[in-house]
Amino acid sequence: MSEFTVFGKSVPRVDARAKVSGETKYLDDIKLDGMLYGKILRSPHPHARILGIDISKAKKLTGVRAVITAEDTPKIKFSFVQDLADKLPLCDKEVCYVGDEVAAVAADSLEIAEEAIDSIEVKYEVLPAIFDPKEAIKPSSVLVHEDNKKSNIAFEIHKKFGDVEKGFKKSDHVFEDEFVTSKVTHCCMETHGCIAYFNYEGRLTIYCPSQAPHTIRQEIARILNIPRSKVRIVSTPAGGAFGERLVTDMKQPVAAILSRLTRRPVKIVNTREEEFMTARTRYPYIVSVKTGVTKKGKILARQAKVVVDNGAYNDKGISTLNYAGECFLMSYNIPNLQYDGFGVYTNKQFGTAFRGFGNPQVTFATETQLDDIASKLNMDPAELRLKNVNRAGDVTVSGTEITNSGLVDCIDRAVEKSGWQEKRSGPRKVGENKYRGIGMAIMSHTGSGGRFYGYAATDTFLKVSEEGQVTVITPAPDIGQGTTTVVAQIVAEVIGVDLSNIIVINSDTDIIPYDLGAWGSRSVFVCGNAAKAAAENLKKEIIEVVSKMFEVSPEEVEIKNGEAFLKENHGRRISFGKVAEFSVNRLGHPLSGRGRYFDPLASEVTYYKRAGKHIPTFTYGCQIVEVEVDTLTGEIKVIKITAAQDTGKTVNPYMAEGQMEGAILQGLGYALSEECLLDKGRPINPNFTDYKVWTALDIPKEEIIFVETDDPLGPFGAKGIGEPGLVPTPAAISNAIYHATGIRLKRLPMNSERMFYTLKKRDNNKK
Amino acid sequence: MLRKMKRFEYFEPSTLEEAFSLLNKYNGKVKILSGGTDLLVAMKERGLAPSYVMNVKCIPGLDYIKYEEKKDLRIGALTTIRTIETSNVIREKFSVLAQAASMLGSIQVRNRATIGGNLCNAAPSAETAPSLIGLKAKVKIASLEGERIVPLEKFFVGPGITVLKKGEILAEIIVPFPLPHTKGIYIKYGRRKAMEIAMVSVAVIATLSVEGEVWEDVNIILGAVAPTPLRARKAEEVLQSKRISEPLIEKVGQLAYEEACPISDMRASADYRKEMVKVLVKKAIREISGLKKS
Ligand SMILES: Cc1cc2nc3c(=O)[nH]c(=O)nc-3n(C[C@H](O)[C@H](O)[C@H](O)COP(=O)(O)OP(=O)(O)OC[C@H]3O[C@@H](n4cnc5c(N)ncnc54)[C@H](O)[C@@H]3O)c2cc1C
């Protein structure tokens with residue numbers, strides 16, 4: 001029997017009823033009094049100089065309340081990392097991608113706003129554009145930002161431990177490969193949008209789905225040049241986020257400026273086409289990996305060179321590149337490691353955070369190459385991995401202490417449950433021109449966010465009101481992943497009340513404690529720890545009050561199931577509500593609690609400088625995929641995925657399975673079918689007809705296994721698993737395809753057409 | 001762009017005569033609305049802005065499946081794809097049509113989409129066209145002047161263009177009763193199992209000799225590889241009155257490959273489409289003849 005009553009149980013999500021009944025109000029459901037509709041005019045060119053903008057016709061239209069261009073903005077350049085700022089809310093002299101913001105209007109109706117946008121005349125001088133990052137990185141390349149940059153290299157990251165050259169010299173075999181990943185986007189069901197309202201006191205409220213409301217608040221303040229205290233962000237329920245709702249989108253400052261001019265709330269919501277064109281993507285990486293191994297399979301050195309296709313502006317490019325490097329340095333126990341990355345501007349829609357944060361790209365490269373190494377060494381891929389992985393207690397050459405690791409168990413369990421041994425050796429031909437194969441990949445990922453900001457703390461406050469109802473004030477953003485439920489479960493577990501007595505407030509920056517938001521699979525860990533500390537603090541107060549009621553010492557009191565009782569005499573019990581009442585009426589004070597998650601190391605680890613110490617605890621996973629390849633058509637069918645995931649302790653198995661299944665589904669699309677296609681910088685598939693996310697009918701069998709390692713740092717041993725599910729999927733699929741056909745695909749997506757021509761080329765070479 | 005639609009005037013005639021007079025009165029500026037699954041997408045996403053929209057769903061007597069043994073099958077233009085997919089008589093006697101219908105969009109789309117709309121929209125990838133052409137279907141076109149009957153094969157002119165003239169409505173699809181020993185198969189090739197526009201589609205419908213060895217009447221129709229659904233005539237001819245064999249199948253595949261003239265777009269390259277025509281035509285013939293590749 002489990003020691004827990006609520007924690008670790010598949011309780012229904014606390015927001016489920018409102019969502020399935022349609023009661024939940026998403027951003028576009030909200031209408032404020034006097035609200036106007038905003039629309040943004042976007043560049044039709046991948047690169048051009050703005051020679052003039054004529055807004056006179058738009059201004060004359062009845063129902064148009066404001067028309068703005070760069071002249072109406074403070075012209076402060078922005079980026080997530082301010083040192084890399086390069087983006088204006090509305091372009092001033094130059095547009096750098098198809099979709100770049102040029103002008104905006106606010107009108108009484110969306111129809112009028114659209115008409116007004118259509119009537120704005122912009123004179124452009126079209127400039128040469130560049131789309132291929134390998135070309136753009138050359139010093140001779142056309143510049144993406146003609147007006148203010150000397151080169152297209154936007155940023156660099158370098159990490160070096162040991163001496164890779166020496167390591168390669170000592171190796172028996174050295175492998176060198178190049179892998180290319182694609183441009184994919186989050187495909188949130190709810191397109192992005194916001195409502196901005198400047199009130200008469202000059203305070204700005206922005207309603208929007210957000211993963212990091214305090215960060216957005218700070219970013220908006222920066223762009224508009226107003227104090228942060230004048231900005232309030234209210235997060236609306238998010239119909240998907242996955243990294244897309246982390247950094248501010250120019251709709252928010254644009255809507256704010258329109259609101260300031262009109263003194264009315266202004267709503268701007270993306271159409272689906274705009275969402276595809278301008279919603280930022282996963283960064284495409286070109287990853288060259290060089291690995292040296294001994295005959296016996298010990299990896300002696302590994303080097304990666306990454307070229308990031310940054311798109312037109314800086315966003316999370318440097319952060320993802322850096323983070324992927326952290327993961328590159330720590331999965332395996334390798335004495336010599338080097339990682340060099342370059343972010344390169346191109347005249348395309350730009351990237352941002354996306355579930356996995358750079359790790360899926362680099363893992364695709366390293367884990368696919370490792371499979372190749374196993375096959376050249378004639379070793380079982382599982383064995384090769386086990387020979388090199390870091391284990392709990394190890395310290396990597398980059399300085400990471402592996403405090404806790406379920407990786408070996410993940411590999412063992414996945415091998416066992418997938419029928420690996422039998423399927424690796426068994427017959428592979430299963431029909432006319434149909435071949436089956438099975439492949440694996442592992443991953444390491446943060447399960448706790450990170451110390452990248454030099455800060456990682458957060459608070460939680462608890463309030464107890466009538467009948468013993470508990471209000472939890474937490475910064476944990478619920479973006480569909482279920483943190484509201486997780487926080488409620490943790491609090492309920494500590495103080496022993498029913499979930500129905502808990503209310504979670506987590507959406508308004510005027511109320512919630514300061515926090516960095518939902519990224520890096522950190523909410524369970526950071527916000528969960530703070531919630532647990534607050535609940536323990538409250539529990540202490542409850543017990544004190546009960547001890548006064550019963551006139552016993554606090555040590556004699558126990559609380560459970562919404563009641564307090566004496567350990568020695570269960571007959572003497574009292575409901576939680578009565579305790580709260582007693583406290584107010586007799587003792588003259590309410591019950592409350594506060595707790596903090598504080599990571600003292602965070603302030604010591606300066607931004608990007610020290611490798612190895614950025615992540616408090618990692619989570620691990622192993623996926624084994626079985627595929628069937630039709631060699632006549634090139635079709636690749638996924639038969640089954642077995643995914644073993646280290647959860648520390650699973651807070652809510654249903655929800656955790658949901659996170660894994662959803663992530664794997666995104667991983668399948670990433671591996672096999674999804675891609676933002678551009679023709680000379682113009683999106684050509686900005687719709688769900690031709691951007692191929694998988695449908696319910698396409699989903700293969702998934703077996704999810706949780707490996708519990710009881711993390712010493714996590715709340716009740718838990719760590720976050722929001723992201724990891726898709727990190728190893730593309731590599732595992734590529735490796736299964738190799739097992740089935742002998743063909744190694746190194747470019748995403750591995751679609752049927754690409755498979756067909758690779759097979760054809762091989763067959764022609766054989767002849 | 002998914003935009004608010006431009007203003008238009010909306011009509012809901014309750015008889016065909018009323019519909020015809022509206023069509024004539026507004027001389028070609030009226031768009032007929034059936035299920036709307038093509039029309040509304042075009043209006044919201046592709047900027048189609050008709051001045052008049054005429055919903056024909058309130059006209060009684062255009063939604064039916066009538067079957068007369070040994071004679072023909074008649075389908076009213078307003079019959080939904082879902083009705084066709086689930087109709088017992090179509091499943092039993094014209095299974096290739098039910099099969100094609102079952103692959104269009106998703107159940108939600110099929111509940112709205114009509115067969116008339118699918119044909120009149122005239123997409124090169126229109127799901128029901130290849131099998132209907134292979135079944136030698138004809139369409140009944142009605143107007144104030146009366147009715148005319150056109151073989152479906154002659155109905156399509158180009159992408160989105162048919163022989164329908166101003167003032168005409170597609171009223172009925174007539175499928176002759178197939179000869180005994182007729183078999184058919186429809187293969188849709190795409191990347192997803194639902195909500196997919198065919199990259200390539202192939203219908204093969206053939207009447208075999210009594211012993212099942214000689215191919216007596218062969219129809220090979222290709223979708224999404226030409227401006228209109230395409231009959232692969234040369235491929236059909238070499239099979240005509242022949243006994244099936246592997247070398248012959250190879251040859252048919254090759255001829256179909258040569259006849260297909262697709263474009264390259266974001267869904268696939270022209271060359272890959274042609275290659276898939278070859279593979280799928282061969283596959284369809286093997287399946288009909290019960291041959292397995294040695
Ligand atoms: C999500 C989605 C998925 C889809 N998937 C597929 C698919 O897999 N395969 C496929 O083939 N199609 C697909 N379609 C397209 C569409 O659903 C079909 O073509 C459908 O059969 C159209 O029928 P409708 O009744 O909705 O036509 P409507 O949209 O009402 O009309 C289509 C066109 O035909 C004209 N028209 C309609 N009825 C008549 C008539 N009786 N006489 C004269 N003209 C007429 C209209 O004016 C219009 O130009 C999909 C559409 C959507 C939205």
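A quick note: this is a predicted structure, and the numbers were derived from the prediction, not measured. A note on names: the letters A, B, ... follow the listed sequences, proteins ahead of strands, and every chain is numbered from 1.
Residues A:Met750 and A:Met755 are not in side-chain contact: their nearest non-hydrogen atoms beyond the backbone lie 4.5 Å or more apart. The side-chain heavy atoms of B:Asn219 and B:Ile133, taken from C-beta on, include no pair separated by under 4.5 Å.
Checking each of A:Ile268, A:Val254, A:Val105, A:Val269 against A:Lys39 for a side chain to side chain contact (heavy atoms under 4.5 Å, CB included) leaves exactly one that passes, namely A:Val105.
Most heavy-atom pairs under 4.5 Å with chain B, from the set A:Asp679, A:Leu672, A:Leu110: that is A:Leu110. Considering only heavy-atom pairs separated by less than 4.5 Å from chain B, the leading option among A:Thr633, A:Leu697, A:Asn687 is A:Thr633. Across B:Lys278, B:Glu196, B:Met199, the residue that shares the most heavy-atom pairs under 4.5 angstrom with chain A is B:Glu196.
Atom CD of A:Glu115 is separated from atom NZ of B:Lys6 by 7.5 Å, given to the nearest 0.5 angstrom. The distance from the CD atom of A:Glu244 to the OG1 atom of A:Thr185 is 5.5 Å, given to the nearest 0.5 Å.
Proximity to chain A involves both the backbone and the side chain of B:Ser269, based on heavy atoms less than 4.5 angstrom apart. Both the backbone and the side chain of A:Glu635 come within less than 4.5 Å of a heavy atom in chain B. Of the atoms belonging to A:Ile684, heavy atoms from both backbone and side chain fall under 4.5 Å from chain B. Within the 4.5 angstrom heavy-atom criterion, only side-chain atoms of A:Tyr757, from C-beta onward, approach chain B. In this structure, no portion of B:Asp265 lies under 4.5 Å from any heavy atom of chain A. For a residue to count as touching a neighbouring chain, one of its non-hydrogen atoms must lie under 4.5 Å from one of that chain's; by this rule A:Tyr691 touches chain B with the backbone only. Only the side chain of B:Met276 comes within contact range of chain A, with heavy atoms under 4.5 Å apart.
A:Lys348 forms no cation-pi arrangement with A:Tyr97, by the criterion of a distance under 6.0 Å to the ring centre and an angle within 45° of the ring axis.
Using modelled atom types and a 3.5 Å distance limit, the side chains of B:Gln254 and B:Glu258 yield a donor-acceptor pair.
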